[in-house]
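For clarity, every value in this text was computed on a predicted model and none was experimentally measured. The chains referred to below are lettered A, B, ... by the order of the sequence lines, with proteins before strands, and numbering in each begins at 1.
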Amino acid sequence: MSEDKKSLNFLEQIIENDLANGLPKSKLRFRFPPEPNGYLHIGHTKAIGISFGLGEKYNAPVNLRFDDTNPAKEEQEYVDAIKEDVSWLGYSWDKELFSSDYFQQLYDWAVMFIKQGKAYVDSQSSEAMAEQKGTPTQPGVDGPYRNRSVAENLDLFERMKKGEFEEGAHILRAKIDMQHPNMLMRDPIMYRILKKHHHRTGDDWCIYPMYDWTHGESDYIEQISHSLCSLEFKAHRELYNWFLEQIIDEKKLKPKQREFARLNLSYTIMSKRKLLKLVEDNIVTGWDDPRMPTISGLRRRGYTPNSLRKFVETVGVAKRDNVIEVSLLEFCIREDLNKTAPRVMAVLDPVKLIITNYPEDKEEWLEAENNQEDDSAGYRKVPFSRALYIEKDDFKEEAANNFFRLKLGGEVRLKNAYIIKAESVTKDAKGNITEIHCTYSEDTSKKVKGTLHWVSIKHAIKAKVREYDRLFMDEAPDSHPDKDFMEFLNPNSLKLIDAFVEPSLKDARVGERFQFQRIGYFSVDKDSTEEQLIFNKTVGLRDSWEKQKPVEKVNQNKPQNNSSQSQRKAIDVIQQLGKKYTNLPEEKQQKAKADIQELAKNISYEELQPLFNTAAKKVGTRIAVTIALDVLLKGGLQTNSEINEFIEKALVDENDLLKKEAQLV
RNA sequence: UGGCUUAUGGUGUAACUGGCAACACGUCUGGUUUUGGUCCAGAAGAGUCUAGGUUCGAGCCCUAGUAAGCCAACCA
């Protein structure tokens, strides 16, 4: 009944506040403003989830606005891809808009700025202007063209527009303050000359507005109430507001820019420029390569819109830099697919298994449940025969008891079929197992520890499987100032596998997702043909067996594990026991005390002494130190002024426990 | 020799605006199971960056530090 009330993130709080202060709910409007210069990635999914999510929450419209002010980098291909990705995620925008729609209005405003003495044409080299601009720690100085007459500015700007000048000859700058502590306020550029073809306005314009000049005014034109972007635009807010204040009509709404921390994923990169490099260098096969963190890549990999939305929701919204562990993404997709993906059997690394007491020419079509998590999923038939494939890993001639799979003399269940017992193996000249010989029993009620998946050799379909590993071997590949992110590329990020799958998969269609039982989730790749099925591995099943195995490859994946408790130094354990001390019930306190006394035998005064400075309020730690100190003193330690001072303080503390321990010393 | 922002378990986010630090992932136990999956039950792990202060009471307020990020594209 009672919905557990989710706490609001800081953006929602801002909106609630505005609403409480009189902003009508009907005025709420958001926007997602991608630049069409690349494909959207998982980081954008967060931005999309925030603005479109707010739109859904408040039933407010959300515009999709392409920020296309730089004809040098932007293309129609990207516009189309972005639209596809946003709709695939399940969001629908109110209006599809382009910043270029506002070029004329922006130009008119710029002319107004010039007339009001708020903008001027600068004609220096970019180097000269950069020098005058100063640095973050040093103020800038005015340039020589800063005080051109209005008439001259108007004339030059007009001629810039007409295309009379070459690129770089002139620019239009806002006239604000060259000494401003915020560098963005030091006469920012509003227009530059760019004689490039624009994907929408063609050759109409020779001058193009800059981001800062365009963005806020576009928000204003569209009457966006909350313009949400990532943290690196924080400093731009001041300029955003300045530009708005010059043109605002008091009767209209003034958009509010607020900034959130962008999403970072461990073991990957999120920069469009760097992703583009992977594409251009053919490290990957394209923007939608399943190893890419792009939305299209994840889609091709088999991720669902649901899982991505859940992921973004789980990650939350705040203002501090963050790195999300990939395991959370994997959790989200497994959670979704577990409920929805039909189960099938596929063998990726086959070894032949012969059931010697099963007739040579017999075959049976056995019933198999499609998805035990979904009652409506129904059943299908799988063919069984004398000769099967099972996974090589599922058989060992000899193995310990915790190996639940097949071993000589041992029994396992074949999923959806019978119980078999391994009798013998045949090997090739090199000693590799070529065949496993088993006998089967039709009594399937018997309890056995292991269940294996399998395919009937005669009926199996050959399929290609692409198994992916992370693209980078470093946790944060582009965070090393001295190293290029390309150095961390994982040479084995793609593994091609020839697999055998059950015949029901014959008609599987591109994009369909399955669970290959006991292995993972797979989806049919678009490269598949009538003759050749190709599967992408989306993600493996959780595997608690893999973790138990005494593997040699260890550390290569895990950043580092916290060293086990047993290896911790005695002093650290004492400190930790102390932290909890005052919260413990009396008997446990006694035990903790005994533990501390025992541990104290193994510490030196030098280790204990720094803890004398423990803050007064951390009473527990001080108690533990007192107890330990007592042990040391009884062990022959000479008292000194530091010790006395510490005990003195304890004796007059208001905490009785501490006082009591101090009195014992 | 600047400005802005941030700081809570391994990770991410909370804490009803000053009242027993919670949730999720991950980790570890145990149970169920024709997937070593799922599911179920449980555990460990944080005195909230440091030092002071205000307060009956501080993760939250104040002061001073420390650390990290962002800001010097005719990119967005």
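Applying the 3.5 Å distance criterion, the base of U34(B) shares no donor-acceptor pair with the side chain of Gln372(A). Taking only distance into account, the side chain of Glu546(A) never meets the base of G36(B) through a donor-acceptor pair shorter than 3.5 Å. A donor-acceptor contact under 3.5 Å is not formed by the side chain of Glu238(A) with the base of G3(B).
Note on Asp212(A): nothing from the nucleic acid sits closer than 4.0 angstrom, heavy atoms only. Nucleic acid contact for Thr69(A): sugar-phosphate only, since backbone atoms but no base atoms lie under 4.0 Å from a heavy atom of the residue.
Every residue two or more places apart in sequence or in another chain that forms a side chain to side chain contact (heavy atoms under 4.5 Å, CB included) with Glu391(A) is listed here: Val347(A), Leu348(A), Asp349(A), Asp394(A), His453(A), Ile519(A). With sequence neighbours excluded, the residues satisfying ring pair (Phe, Tyr, Trp, His ring centres under 6.0 Å) with Phe243(A) are Trp213(A). Listed by chain and number, the residues in a ring pair (Phe, Tyr, Trp, His ring centres under 6.0 Å) with Phe233(A) are Tyr211(A), His236(A) (sequence neighbours excluded). Contacts of Phe516(A) classified as ring pair (Phe, Tyr, Trp, His ring centres under 6.0 Å), with partners at least two apart in sequence or in another chain: Phe522(A), Phe535(A). Listed by chain and residue number, nothing satisfies the salt bridge (Lys or Arg N to Asp or Glu O under 4.0 Å) test with Glu35(A) (two or more places apart in sequence, or in another chain). Remark: Leu276(A) pairs with Tyr78(A), Glu280(A), Trp287(A) by the side chain to side chain contact (heavy atoms under 4.5 Å, CB included) rule, at least two apart or across chains. The ring pair (Phe, Tyr, Trp, His ring centres under 6.0 Å) check on Tyr107(A) picks up Phe157(A), Trp205(A), with sequence neighbours excluded. Take Ala235(A) and apply the side chain to side chain contact (heavy atoms under 4.5 Å, CB included) test, not counting sequence neighbours, and it matches Asn182(A), Leu184(A). Remark: Tyr240(A) engages Asp219(A) in a side-chain hydrogen bond (donor to acceptor under 3.5 Å, both in side chains) (not counting sequence neighbours).
Regarding His215(A), its NE2 atom lies at a distance of 11 Å from the P atom of A76(B), rounded to whole Å. In this structure, the CZ atom of Arg405(A) is 12 Å from the C1' atom of G37(B), given to the nearest Å. In this structure, Glu325(A) places its CD atom 12 Å from C1' of G9(B), rounding to the nearest Å. C4(B) atom C1' lies 13 Å from atom CD of Gln257(A), rounded to whole Å. Put simply, CZ on Arg380(A) is 13 Å from C1' on U34(B), counting in whole angstrom units. Protein atom CD of Glu475(A) is 9 Å distant from nucleotide atom P of U11(B), rounded to whole Å. In this structure, CG of Asn416(A) is placed 10 Å from C1' of U35(B), rounded to the nearest angstrom. Atom-to-atom, CD of Glu369(A) to P of G37(B) comes out at 18 Å; the value is rounded to the nearest Å.
Aromatic ring centroids of Phe311(A) and Tyr303(A) lie 6.0 Å or more apart.
A stacked arrangement is assigned to Trp545(A) and the six-membered base ring of G36(B), with a centre-to-centre distance below 5.5 Å and an interplanar angle below 30°.
U32(B) has its base anti relative to the sugar, with a glycosidic angle deviating from 0 by more than 90°.
C71(B) and G53(B) have their P atoms separated by 39 Å, given to the nearest Å.
In the set U1(B), G12(B), A76(B), U1(B) carries the atom at the smallest distance from any side-chain atom of Thr137(A).
Residues Arg237(A) and Arg258(A) meet the side-chain proximity criterion, which asks for heavy atoms closer than 4.5 Å.
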Note to self: Let me check I have this right: for RNA chain B, each base becomes ., (, ), [, ] or |, based on Watson-Crick or G-U pairs with both distances under 3.5 Å. What is the full string?
What the structure shows: .((((((..((((.....[..)))).(((((.......))))).....(((((..]....))))))))))).....

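Annotation: proximity of residues 338-349 of chain A to RNA chain B (heavy atom, distance under 4.0 Å) is found for Asn338(A), Arg343(A), numbered in ascending order.
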List every contact pair, protein side and nucleotides 70-74 of chain B side both N or O, where the distance is under 3.5 Å.
{"unit_1": "C74(B)", "atom_1": "N4", "unit_2": "Gly168(A)", "atom_2": "O", "d": "2.8"}

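Contact annotation: Arg518(A) does not reach the phosphate of U38(B) (side-chain N/O to OP1 or OP2, under 4.0 Å).
In this structure, Lys396(A) satisfies the cation-pi test against Phe403(A), with its NZ or CZ atom closer than 6.0 Å to the six-membered ring centre and inside 45 degrees of the ring normal.
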